[in-house]
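Below is one structure, written out as structure tokens; the observations come after it.
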Amino acid sequence: MERNGQSHLKEPLLHAGDGASPAAARVSPRKERTTRKVMFNVRGMSCGSCAVSIETVVAGLKGVESIQVSTLQGQAVVQYSPEETDARTIKEAIEDINFEVDELQEQEIAVCRLRIKGMACTSCSESIERALLMVPGVKKAAVGLALEEAKVHFDPNITSRDLLIEAIEDAGFGADLISYGDDVNKMHLKLEGVSSPEDTKLIQSALETVEGVNNVEWDTLGQTVTVAYDPDVTGPRLLIQRIQDAAQPPKCFNASLYSPPKQREVERHHEIMSYRNQFLWSCLFSVPVFLFAMVLPMLPPSGDWLFYKIYNNMTVGMLLRWLLCSPVQFIIGWRFYVGAYHALKRGYSNMDVLVALGTNAAYFYSVYIIVKALTSDSFEGQDLFETSSMLVSFILLGKYLEVVAKGKTSDALSKLTELAPETAVLLTMDKDGGVISEVEISTQLLQRNDFIKIVPGEKVPVDGVVIKGQSHVNESMITGEARPIAKKPGDKVIGGTVNDNGFIIVKATHVGSETALSQIVQLVEAAQLARAPVQRLADKISRFFVPTVVVAAFLTWLGWFIPGQLHLYPQRWIPKAMDSFELALQFGISVLVVACPCALGLATPTAVMVATGKGASLGVLIKGGNALEKAHKIKTIIFDKTGTLTKGKPSVVQTKTFSKIPLLELCDLTASAEANSEHPLSKAIVEYTKKLREQYGSPSDHMMDSKDFEVHPGAGVSANVEGKLVLVGNKRLMQEFEAPMSSEVEEYMSEMEDLARTCVLVAIDRVICGALAVSDPLKPEAGRVISHLSSMGITSIMVTGDNWATAKSIAKQVGISTVFAEIDPVGKAEKIKDLQTQGLAVAMVGDGVNDSPALAAADVGMAIGAGTDVAIEAADIVLMKSSLVDVITAIDLSRKTLAKIRLNYVWALGYNVLGMPIAAGVLFPFTGIRLPPWLAGACMAASSVSVVCSSLLLQLYKKPLHVEEAPVPAGPGDGGSNLV
């Protein structure tokens, strides 16, 4: 197995978005289970004969393999073949012999993940969820717009994956299977030496005979095979060995790990490039149309040639605008017609319907103007080709920006998978625990019960148990504990954590999708899918606004056409070269154009664009409109402790001397003794000593000579420094060396414990001369931020993986009354869900990988900018300057932005509401004022301009809270120096 160490096997553990079916895939017969089990609640059984009669009838059904009936429990359990019968048939058979059968209780709920294609907005994800929930047997469906995935829980006794995909396709979207059931543990292999169909059958048979293999899929074109397996039973190295053993001399089969292309990323890149190219092509046509319509006519004599008449009143400018606008309307803008068709087919109206309706009204009215100009030498009218072409161009630009931003939302999953190391050192051990051999292999090839060597500085590849060696492991990304945790034989270690300072041998207990790291990946993914879609106000209004406008336009046309035909109004009202039909048509089109809610599409994105830009300049990175819309509702904020409320790095915060020895000399001796230690507390003491020397003008990097350095696990260190025995550690180390503990020392230690500080004692020649208190200090602005949030009506809660004593002390210092300590990542997400069930909008502020599930589960996740990339990617808002003051800024900016968005809707709809009666001709009989379509289009544009100007006022936003972070000088004190 030496070949396992080759570089082509060094691939990441998980691939977010993998699982696309190959073009020429062959699926083994083991893909579906051959039997299923179902349980019924049967009422009416009174004795054993009733159970016998049920068993006799059901056992006689074709496809039933076994049945067990319990009279006492009133239940029947049936094992059957789904190819020959189903649960409904069995239920009806029991009912036919006069027993009442309650709704069946499934023994299994299948789960599958589907990749969705073609979603553009939240209304799309809602329609897919509705379509899936209408499929019989579907219990739960969650569709993630950002992930472009659906997770469906269904009863395999009633429905199947194919029916789910068919339901999505019927709704007008595409769907591909990502994973099903136990297919999470998959291995992709590239094969060499396979040259015939017989070889393929031979390898497939060899794999299918391995116990624990659930599914085998072949791609005959790419010579790859995908194997889904149960890690409790088998493992990847065994499967590779089976493939190699299947070869019959002289043939030789080789298998290596293979990473298929991430289909989601390929499709997203294609979508981004498609929108970009369509926008550029539309600009190629729209910009000249705009110049010919709005710019050159205002610049005589350079634009005079546009007014040259070709035939009757048909001008050169009209013809050029028509020719240039038509490709934009019908070729580049074709996607809006398709989107509008699918929306109307599903029974609702979205922005595609509005775009198609508005551009068609402007375009075909303009065509009508051209026809009139061609047929009349006195007709004067203004075409609106620039309206339709520029509208399509700007909407394509918005779509392009949207898909680019949306592509960043799922990067957190790939960041999480990168925490696991690519390779691991696999040991072969004898019965006595001695190492026979070692080889470096891909982490993906590790199996349960493997022995792994981990040296200082390396990451732990999988979850396991230490069987040999001692060390400290940094688990802050999983547990939130700031200090590395001591590990000895029998202790558990977590994949993705970092081994600090010792050599350990670990026995793997959880691999693949069962590791804690993989579970966090799945939690983040599930939390993103479970988010309630934000229903855009524009989409809500468009559902009834569009039909209302169409009806109003039609009624306007009828209201002028019928009286005109009946001569109910004077003929002089009809302009020259028009008839009653054309006058009525112009009124109807004016209503349609003036009421077209184009500004509704600008109300939210322009405000979001300005707010996010302003937020970034203030150090608050807001990831789109969803975060802004949710943040203004926040009533509860959950803070992580380590790295969020505190600085996240242990440091000496107080010193105390118990003798006449100068503080600098005490620290010099202590640092010299600790210089050879890799413990984080030792590093904090050495760093403090360097700063102290700088204050005294001494060389900061000078260390005294130390000999006989020895580490006392769980107690401290000892060393001989310039002939003096220096002990640095806790109370246990002092007791081991019989250093007497005075009452003053005991009191100081007790005081530090109450403040949740680690007290490091220093003894010289077995006499305790001083102590150093080490702690993770609070951020200076934490207290004021919590107080200001309270004044805003927001409750603050602290949730941490650290111990209760530290948590309570930190909470007391900042003014937080509600604390949850010793909480793992799953528990943090659960606490958020508990608060959400009470109807509260919850924000989470964190910085570590352990916070990423909670950040994703919260209504709004806020990540500290100095935190891990994973937390930053999982969050909705990133505090770029790592200042807690920006939590207040983010919420306040959100509230101001939502108020601005509401005002934008007032502007957008106000013009339409006032303009519709005028466009319909209400003032025409009394004043002769008529709103022609081109002027109606100008009013529509004016509403858009007002919305943009309103949004631009957000540039004047100011921070509500300012905290000056003046550093506190870390000067020594005689009896003690407080550095907080």
Side-chain angles (χ1 to χ4, degrees), residues 456 466 468-474 483-489 491 499-504 650-693 698 700-746 748-750 752-753 757-775 976:
V466 178
K468 186 177 181 181
Q470 294 185 353
S471 182
H472 284 80
V473 176
N474 185 351
R483 293 172 295 181
I485 307 299
K487 299 294 181 181
K488 60 183 184 299
D491 292 340
N499 179 29
D500 268 7
N501 58 1
F503 164 85
I504 55 175
S651 61
V652 177
V653 295
Q654 196 176 72
T655 59
K656 179 77 172 180
T657 57
F658 303 111
S659 66
K660 296 183 179 180
I661 184 172
L663 178 63
L664 180 59
E665 182 182 348
L666 176 70
C667 291
D668 277 338
L669 291 169
T670 306
S672 299
E674 293 276 26
N676 295 318
S677 174
E678 293 296 323
H679 195 282
L681 296 183
S682 301
K683 294 178 181 178
I685 293 172
V686 171
E687 186 67 25
Y688 171 73
T689 302
K690 288 181 179 180
K691 292 181 180 179
L692 198 62
R693 285 185 183 138
S698 303
S700 61
D701 55 351
H702 172 71
M703 289 290 177
M704 302 179 185
D705 293 333
S706 64
K707 300 177 182 179
D708 303 326
F709 173 79
E710 184 178 355
V711 176
H712 303 270
V717 300
S718 63
N720 192 311
V721 181
E722 295 189 348
K724 299 178 181 178
L725 176 61
V726 180
L727 307 174
V728 184
N730 56 22
K731 185 177 181 179
R732 197 175 87 189
L733 181 68
M734 303 300 141
Q735 292 173 341
E736 287 181 8
F737 282 85
E738 298 179 349
M741 300 276 293
S742 66
S743 59
E744 184 183 8
V745 174
E746 295 277 7
Y748 183 76
M749 289 184 64
S750 177
M752 292 301 101
E753 288 177 1
R757 296 173 179 174
T758 301
C759 188
V760 180
L761 300 175
V762 181
I764 300 174
D765 292 332
R766 292 184 171 82
V767 176
I768 299 177
C769 298
L772 298 92
V774 181
S775 178

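Contact record, N501 with H472: OD1-N, 3.1 Å, taken as the closest heavy-atom pair. Of all heavy-atom pairs spanning P650 and V774, the tightest one is CB-CG1, 4.1 Å. Here the closest non-hydrogen pair linking V652 and I685 is CG2-CA, 4.0 Å. P489 and Q470 get closest at one heavy-atom pair: CD-CG, 4.3 Å. Heavy-atom minimum distance, S651 versus A684: CA-CB, 4.0 Å. Looking at every heavy atom in both residues, L666 comes nearest to K656 through CD2-O, 4.4 Å.
Under the 3.5 Å distance criterion, the side-chain polar atoms of R766 are matched with a main-chain donor or acceptor of F737.
Applying the side chain to side chain donor-acceptor pair (under 3.5 Å) test to S775 and every residue at least two apart in sequence or in another chain returns nothing. The salt bridge (Lys or Arg N to Asp or Glu O under 4.0 Å) search around D765 returns none, not counting sequence neighbours. Applying the ring pair (Phe, Tyr, Trp, His ring centres under 6.0 Å) rule to F503 yields no partners; only residues at least two apart in sequence or on another chain are considered. Residues meeting the side chain to side chain donor-acceptor pair (under 3.5 Å) test with S718, sequence neighbours left out: H712. V711 is linked by a side-chain contact (heavy atoms from CB on, under 4.5 Å) to F709, V717, counting only residues two or more places apart in sequence or in another chain.
To the nearest 0.5 Å, the span separating CE on M741 from OH on Y748 amounts to 13.0 Å. Distance check: I661 CD1 to C769 SG gives 5.5 Å after rounding to the nearest 0.5 Å. In this structure, CE in M734 is found 5.0 Å from CG in L727, a value given to the nearest 0.5 Å. If you take CG on N499 and CD1 on I504, they are separated by 4.5 Å, rounding to the nearest 0.5 Å. For the atom pair CG of L692 and CG of D668, the computed distance is 8.0 Å after rounding to the nearest 0.5 Å. Remark: Q735 CD to L733 CG distance equals 9.5 Å, nearest 0.5 Å.
Applying the salt bridge (charged side-chain N to carboxylate O under 4.0 Å, His left out) test to pairs two or more places apart or on separate chains, those with a residue in residues 723-735 are E665-K724, K731-E746, R732-E736.
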**Item:** Working for side-chain contact (heavy atoms from CB on, under 4.5 Å), residues T689 and T670
**Value:** CA-CA 9 Å; T689 302; T670 306; 5.7 Å; no
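Using a 4.5 Å heavy-atom cutoff, the side chains of R693 and L664 are in contact.
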